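Scroll down for the structure; my scribbles are underneath it.
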Amino acid sequence: MNVLKAAIGSLAVGFVCVSASADTLTWKTAGGGKWSDAANWLSNGTHTVPQSGDTIIIASLPGGATCENDIEGLECPHLELGSASSSSPYAAFSGKQVKLTGGWNALKTTSGRFTSTMPLYLTVASDGNPTNRLDVKAGRVDQLGKVSGPGLLYVENGNYFTLNEDNDFAGGAFLSGGTVDFNCKKGGMHVAGGLGQEVVISGNCKIRLYGSTFNENYRFVNQSNYSGYNFLCWNNAQFAGTMTGERLAIFPTKSSKPVVNGAVTVGRLQVRGDEGDASDTKLTFNGLVRTESVNAAFNGVAGPTSTNRLQLVLAHADNELGSVYLQGTSLIGGCKNAFGAATVVYPGVQMSDRGTVDLAGFDQTIDRLALNEKYPIDAENPGGHVVTSSKGAAALTLAATEDCETDALFSGDLSLVWNPQGDSAFQTYAAFGREMPMTGRIVVSNGTFTVNGANSFPHASAVEVADGATFVWDSTVAGGLRNVASVKL
């Protein structure tokens with residue numbers, strides 16, 4: 001009999017039985033300690049240390065203190081963690097895995113800043129729905145312990161939340177709240193199964209990503225008044241999944257080169273470069289992009305700049321971009337017909353901005369180039385709005401649905417084709433006597449093409465005008481078309 005009791009006792013050390021009654025245990029010790037020590041707890045029932053099924057509250061752990069879960073196999077419907085300090089040294093939680101079983105609000109953080117190396121396991125509800133929520137109310141949580149299980153990761157109302165790189169929770173993620181910031185320095189917010197799992201981003205949720213590959217599909221909701229960024233990309237973060245929803249805002253930081261490989265379908269796309277010398281900052285879209293508008297700008301642009309500091313590369317054909325506004329940004333073709341035939345491009349949003357459309361050796365068709373009437377080019381920035389092909393000969397076809405007037409500077413081994421859908425008119429001028437160094441052809445397939453201003457297209461190789469089309473050149477203005485080798489009517 002005594003031997004049997006000893007055997008049962010030794011087995012009891014290895015696991016925690018689910019209690020017939022659930023208690024609430026609150027940490028009462030002024031500092032850190034172990035969960036298995038009854039002296040650390042205040043209980044509202046008969047349990048002196050946590051058992052599976054109990055609610056656990058450690059709401060105000062002092063800065064520098066460490067609280068260790070040394071109880072194996074603990075299952076908890078509600079876990080509340082917090083710190084009394086927001087400055088270093090931070091409070092810390094460590095120890096064995098806790099399985100969160102309580103559905104909504106299974107883990108609640110209250111205040112301060114703390115780190116946790118304690119692994120978390122996210123379960124699902126009895127009906128199969130993944131319903132675990134991490135309610136980050138205030139402060140900052142660095143969750144360095146692995147997050148796993150079939151449940152959903154739901155984070156709301158927080159300031160900062162860090163995830164470790166080797167997470168494999170399977171239910172996807174829902175990020176909500178005005179200041180939630182996933183600061184994924186070690187790699188990411190990866191969910192089990194990789195591509196196909198969904199991360200829902202609601203409201204003004206912000207995510208900081210470092211160099212890694214992110215396989216999740218992202219969906220953006222409740223962002224009709226969104227301003228700021230969804231993703232702050234450090235180094236060379238790669239997105240493999242899709243991005244859908246209302247608005248997507250990506251901020252590549254200085255010298256970073258993030259790549260989006262999945263398809264993007266959003267109401268509005270916003271791209272912002274980091275302040276400072278970031279001439280090598282580049283964002284590449286390898287997947288199909290569908291959006292109503294693209295606003296691409298380099299933060300901190302003030303007055304003319306010698307080079308654009310942000311590069312936006314489109315490497316998939318037949319994108320649907322709506323209106324594209326460039327401010328301190330180069331829109332670069334990464335393949336033929338990448339810009340989209342229905343796209344309207346504003347190469348330079350304000351008179352002090354540089355904006356470049358670079359075909360980079362690939363033929364492109366757009367609807368038209370648009371002149372910003374409020375902020376046209378001025379004498380102080382005569383080279384600010386540019387259309388070029390920096391990597392070999394290429395043609396830009398304007399398949400306009402209405403008249404087009406532009407102050408863009410056409411340069412490089414570029415040919416310009418005016419092929420409107422109706423009898424629309426194109427008018428361009430070399431503002432303030434700028435010499436246009438374009439060396440390719442001018443082709444007028446339909447409608448009317450008018451050249452105004454001194455030094456307009458002095459190096460164009462040829463002018464071709466189709467039957468029924470009209471080419472107008474003011475020959476009284478000096479320097480225009482002076483080196484044209486042939487005119488074909």
Side-chain angles (χ1 to χ4, degrees), residues 5-6 8-123 131-149 151 158 161:
K5 284 183 178 180
I8 293 175
S10 64
L11 288 173
V13 174
F15 65 95
V16 175
C17 297
V18 176
S19 173
S21 62
D23 294 346
T24 296
L25 286 90
T26 304
W27 192 263
K28 67 178 183 179
T29 301
K34 296 181 181 295
W35 288 21
S36 62
D37 186 351
N40 291 324
W41 298 101
L42 178 65
S43 175
N44 72 341
T46 60
H47 300 165
T48 58
V49 297
Q51 297 184 26
S52 287
D54 288 344
T55 290
I56 301 172
I57 299 175
I58 312 172
S60 189
L61 193 65
T66 298
C67 189
E68 180 188 354
N69 171 26
D70 58 340
I71 301 175
E72 189 75 42
L74 193 61
E75 299 183 9
C76 182
H78 178 85
L79 175 63
E80 184 172 326
L81 304 178
S83 171
S85 174
S86 297
S87 58
S88 181
Y90 305 112
F93 294 89
S94 65
K96 302 182 183 299
Q97 175 181 278
V98 174
K99 180 180 289 188
L100 300 175
T101 62
W104 296 112
N105 206 24
L107 172 62
K108 178 181 179 182
T109 62
T110 54
S111 63
R113 177 176 178 177
F114 62 85
T115 63
S116 175
T117 57
M118 181 172 61
L120 300 174
Y121 185 92
L122 308 179
T123 61
T131 55
N132 277 281
R133 182 170 75 176
L134 276 65
D135 191 1
V136 184
K137 288 294 186 185
R140 176 168 178 166
V141 180
D142 295 313
Q143 177 59 37
L144 305 179
K146 184 175 182 177
V147 179
S148 60
F161 194 92

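Since the structure is predicted, the reported quantities are computational estimates derived from the model, not experimental observations.
Evaluation of the side chain to side chain contact (heavy atoms under 4.5 Å, CB included) rule for Ala59 yields Ile57, Glu80, Thr110 as partners, not counting sequence neighbours. Looking at residues two or more places apart in sequence or on another chain, you find a side chain to side chain contact (heavy atoms under 4.5 Å, CB included) between Ala38 and Thr48, Val49. Residues meeting the side-chain hydrogen bond (donor to acceptor under 3.5 Å, both in side chains) test with Thr29, sequence neighbours left out: Asn40. Residues satisfying the side-chain hydrogen bond (donor to acceptor under 3.5 Å, both in side chains) test with Thr117, not counting sequence neighbours, are none. Qualifying side chain to side chain contact (heavy atoms under 4.5 Å, CB included) partners for Pro77, counting only residues two or more places apart in sequence or in other chains: Thr55, Thr101. Contacts of Glu68 classified as salt bridge (charged side-chain N to carboxylate O under 4.0 Å, His left out), with partners at least two apart in sequence or in another chain: Lys34. Applying the side-chain hydrogen bond (donor to acceptor under 3.5 Å, both in side chains) rule to Asp37 yields no partners; only residues at least two apart in sequence or on another chain are considered. Scanning for salt bridge (charged side-chain N to carboxylate O under 4.0 Å, His left out) contacts around Lys96 gives Glu72, with sequence neighbours left out.
Between the side chain of Asp23 and the backbone N or O of Ser43, no donor-acceptor pair lies under 3.5 Å. A distance-only check finds no donor-acceptor pair linking the side chain of Asn69 to the backbone of Gly95 [under 3.5 Å].
Counting heavy atoms from C-beta outward, Ile58 and Trp35 have side chains that approach closer than 4.5 Å. Residues Val141 and Leu81 fail the side-chain proximity criterion, which asks for heavy atoms closer than 4.5 Å.
Ser86 and Gly112 get closest at one heavy-atom pair: OG-CA, 3.5 Å. Taking each heavy atom of Ala39 and Lys28 in turn, the nearest pair found is O-CE, 3.0 Å. Shown here for Ser83 and Ala91, the closest heavy-atom pair between the two residues is OG-CB, 3.5 Å. The heavy-atom pair separating Ser60 from Ala84 by the smallest distance is OG-CB, 3.3 Å. What you find for Val98 and Cys76 is that their closest heavy atoms are CG1-CB, 3.9 Å.
For the atom pair CG (Leu122) and NZ (Lys99), the distance works out to 11.0 Å, reported to the nearest 0.5 Å. Remark: Lys108 NZ to Leu79 CG distance equals 12.0 Å, nearest 0.5 Å. Rounded to the nearest 0.5 Å, atoms CG (Leu144) and OG (Ser94) are 11.5 Å apart. Within the model, atoms CG of Leu61 and SG of Cys67 stand 5.5 Å from one another, a figure rounded to the nearest 0.5 Å. With rounding to the nearest 0.5 Å, the separation of CG in Leu100 from OH in Tyr121 is 11.0 Å. To the nearest 0.5 Å, the span separating CE on Met118 from CG on Leu107 amounts to 7.5 Å.
Applying the ring pair (Phe, Tyr, Trp, His ring centres under 6.0 Å) test to every pair with at least one member in residues 80-101, sequence neighbours left out, gives these pairs: Phe93-Phe114.
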(request) Apply side-chain contact (heavy atoms from CB on, under 4.5 Å) to the pair Arg140 and Asp142, showing each step before the final yes or no. (result) CA-CA 7 Å; Arg140 176 168 178 166; Asp142 295 313; 3.3 Å; yes
